[in-house]
Amino acid sequence: MREASAYALGEIKDQRAIEALILILNDSHFNVKDAVIRFLRKITGIHFDYNINKWIEWWEKNKYKFLK
């Protein structure tokens with residue numbers, strides 16, 4: 001179910017989903033994290049892989065560009 005949720009958020013390519021996807025990186029299942037990383041890359045063009053701290057830091061600095 002969590003993997004499907006990550007997939008759905010990523011597929012809509014809605015930039016408002018970025019923060020939710022980043023938070024899903026806390027999931028303990030590799031398949032869920034892997035799906036999230038693929039969609040974060042697709043939406044943002046950024047490659048921080050599984051480093052949630054870098055994603056959060058980047059998001060805090062850049063969210064206003066995406067949430068206009």
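Given the structure is predicted, the values throughout are model-derived calculations rather than measurements.
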Apply the test side-chain contact (heavy atoms from CB on, under 4.5 Å) to residues Ile37 and Leu25: give CA-CA distance (whole Å), side-chain angles for both, the deciding distance (0.1 Å), then the verdict. CA-CA 8 Å; Ile37 291 301; Leu25 286 174; 3.6 Å; yes

Can you list the steps and then say if His29 with Asp27 is a side-chain hydrogen bond (donor to acceptor under 3.5 Å, both in side chains)? CA-CA 6 Å; His29 292 88; Asp27 197 278; 3.2 Å; yes

Before you tell me yes or no, could you show the steps for Thr44 and Trp55 under side-chain contact (heavy atoms from CB on, under 4.5 Å), namely the whole-Å CA-CA distance, both residues' side-chain angles and the distance that decides it to 0.1 Å? CA-CA 11 Å; Thr44 68; Trp55 278 109; 3.7 Å; yes

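Distance CZ/Phe39 to CD1/Ile24: 11.0 Å, rounded to 0.5 Å. Rounding to the nearest 0.5 Å places CG of Leu40 at 13.0 Å from NZ of Lys33. Note that the CG atom of Leu23 and the CD1 atom of Ile52 stand 6.5 Å from one another [nearest 0.5 Å]. Here NZ of Lys54 is found 13.0 Å from NE2 of His47. Values are rounded to the nearest 0.5 Å.
Considering all non-hydrogen atoms of both residues, Leu21 and Val36 come closest at O-CG1, 3.1 Å.
The backbone N or O of Trp58 lies less than 3.5 Å from a partner atom in the side chain of Asn62, making a donor-acceptor pair.
Side-chain contact between Asp34 and Tyr50 is present, with at least one heavy-atom pair separated by less than 4.5 Å.
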